[in-house]
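Below: the structure, in structure tokens.
Every number for a ligand or one of its atoms is a count from 1 in the order of the listing. Starting from 1, each residue takes its place in the sequence as its number.
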Amino acid sequence: MSSSSPLAIVVHGGAWSIPSRELDAHRAGVAAAAEAGWQVLDAGGSALDAVEAAIARLEDDPVFNAGAGSNLNRDGRVQMDALLMEGAQLRAGAVAAVERVANPIRLARQILERDPHLYYAGAAAEARAQALGFALCAPEALVTPAQRQRWLEARAAGAPAEFESAPLPVRGQAIDALPAGDTVGAVALDAAGHLAAGTSTGGTFFKLPGRIGDSSLPGCGGYADDELAAVSTTGWGESIMRVTLARLAADFSRHLPARAAAEAAIAHLARRVGGYGGLILLRPGAEIGIAWNTRQMARAWRRSGMHSARAAV
Ligand code: ASP
């Protein structure tokens, strides 16, 4: 184990389209999250700690579709998915369809550290949360006025075809009309040379109750292996799961530079299943790759040698 690895953190605030009035809030949100993760790394914390801190910050930010501010499903409820994974021993923790956990990424961390199993869903995940010492919140505490309004409007308009989980939209079809994502994720590299990845989401807007997307599935919404890369993805979950996007990008990075690996994985997503999405990828050595084929993806990064995080949307 080397103590001289460069440090790096990259975060995303989701693929899809970001309304122009929300661009500044997205940019500020991902920058603050990258800084929060950086402070952990800079103080000697682990990549896991940094990813957890960055994502918890984004979950607490109502601008993003994770934790408070999550998208509502067709029943008007928040159901969240989250994954955390580390690259040294390939340990992971994941939860799906949780309604009463304010920071699902913190629950994923405790499952990773302390639970015999890797993945829980629904009421069982909330029971594990209580057993692990979490206080459950009221489901309504995570519903913001903006999300309630959006849901009321969608319900009044019926269920538009693009909110159905299948079929996928045809490539090139009015991307601007697709519902915004704002899923969040982070990847980090610590001083010991270890990688970690995490992703947290309220899932797609107006999804059917019980629908679980890619974000919490190892290899789909995220992946971390010190021998390859750390990856967090976002986008149309039904397409991402079919190509196991995070693992695919990590595998591509074995023979390609980080950016080329990220781009090749997104190109594969589009070519094989007509999918939409984006991903952030971080290699040992702090090499960063970011790619997306949606209109936008909020992102921010900081690595050794930079004086502050850089953010873009
Ligand atoms: N991938 C997420 C899901 O399908 C949504 C997103 O990233 O926007 O649940």
* To do: Run the numbers for me: atoms of ligand 1, each under 4.0 Å from some heavy atom of Thr234, listed by number.
  => 6 (C), 7 (O), 8 (O)
* Under 4.0 Å to a heavy atom of Asp214 - the qualifying atoms of ligand 1, by number -> 1 (N), 2 (C), 3 (C), 4 (O), 9 (O)
* To do: Have a look at Met80, Lys207, Arg211 and point out the one with the heavy atom closest to atom 9 (O) of ligand 1.
  => Arg211
* Looking at Phe134, does the NZ or CZ of Arg106 lie under 6.0 angstrom from its six-membered ring centre and within 45 degrees of the ring axis? -> no
* Would you mind listing which atoms of ligand 1 come within a distance below 4.0 Å of any non-hydrogen atom of Gly203? => 9 (O)
* So is Glu238 polar-close to ligand 1, meaning N/O to N/O under 3.5 Å? -> no
* To do: Flag Asn65 as yes when one of its N or O atoms lies below 3.5 Å from any N or O atom of ligand 1, and as no otherwise.
  => no
* Going by the order shown, which atoms of ligand 1 are within less than 4.0 Å of some heavy atom of Thr204? -> 4 (O), 9 (O)
* Using only heavy-atom distances, determine whether the side chains of Glu153 and Gln149 contain a donor-acceptor pair under 3.5 Å. => yes
* **Gly213 N/O under 3.5 Å from ligand 1 N/O** => no
* Would you tell me whether Thr183 and Ser215 have side-chain atoms, one donor and one acceptor, within less than 3.5 Å of each other? => no
* To do: Considering the heavy atoms of Thr183, write down every atom of ligand 1 situated less than 4.0 Å from one of them.
  => 2 (C), 5 (C), 6 (C), 7 (O), 8 (O)
* Asked: Which of the atoms of ligand 1 are close to Ser215, meaning less than 4.0 Å from one of its heavy atoms?
  -> 1 (N), 2 (C)
* Just wondering, more than 12 heavy atoms not from Arg77 lying within 6.0 Å of its CZ? -> no
* **Polar contact flag for Trp16 and ligand 1 (N/O pairs, less than 3.5 Å)** => yes
* Same cluster or not: are Leu132 and Met85 linked, directly or through other Ile, Leu, Val, Met, Phe, Trp or Tyr residues, by side-chain heavy atoms under 4.5 angstrom apart? -> no
* Could you state whether Leu41 and Val30 fall into the same hydrophobic cluster, counting links through intermediate Ile, Leu, Val, Met, Phe, Trp or Tyr residues with side-chain heavy atoms under 4.5 angstrom apart? => yes
* Asked: For atom CZ of Arg114, is the number of surrounding heavy atoms from other residues, nucleotides or ligands below 6.0 Å larger than 12?
  -> yes
* To do: Please say whether more than 12 non-hydrogen atoms of neighbouring residues, nucleotides or ligands are located less than 6.0 Å from CD in Glu227.
  => no
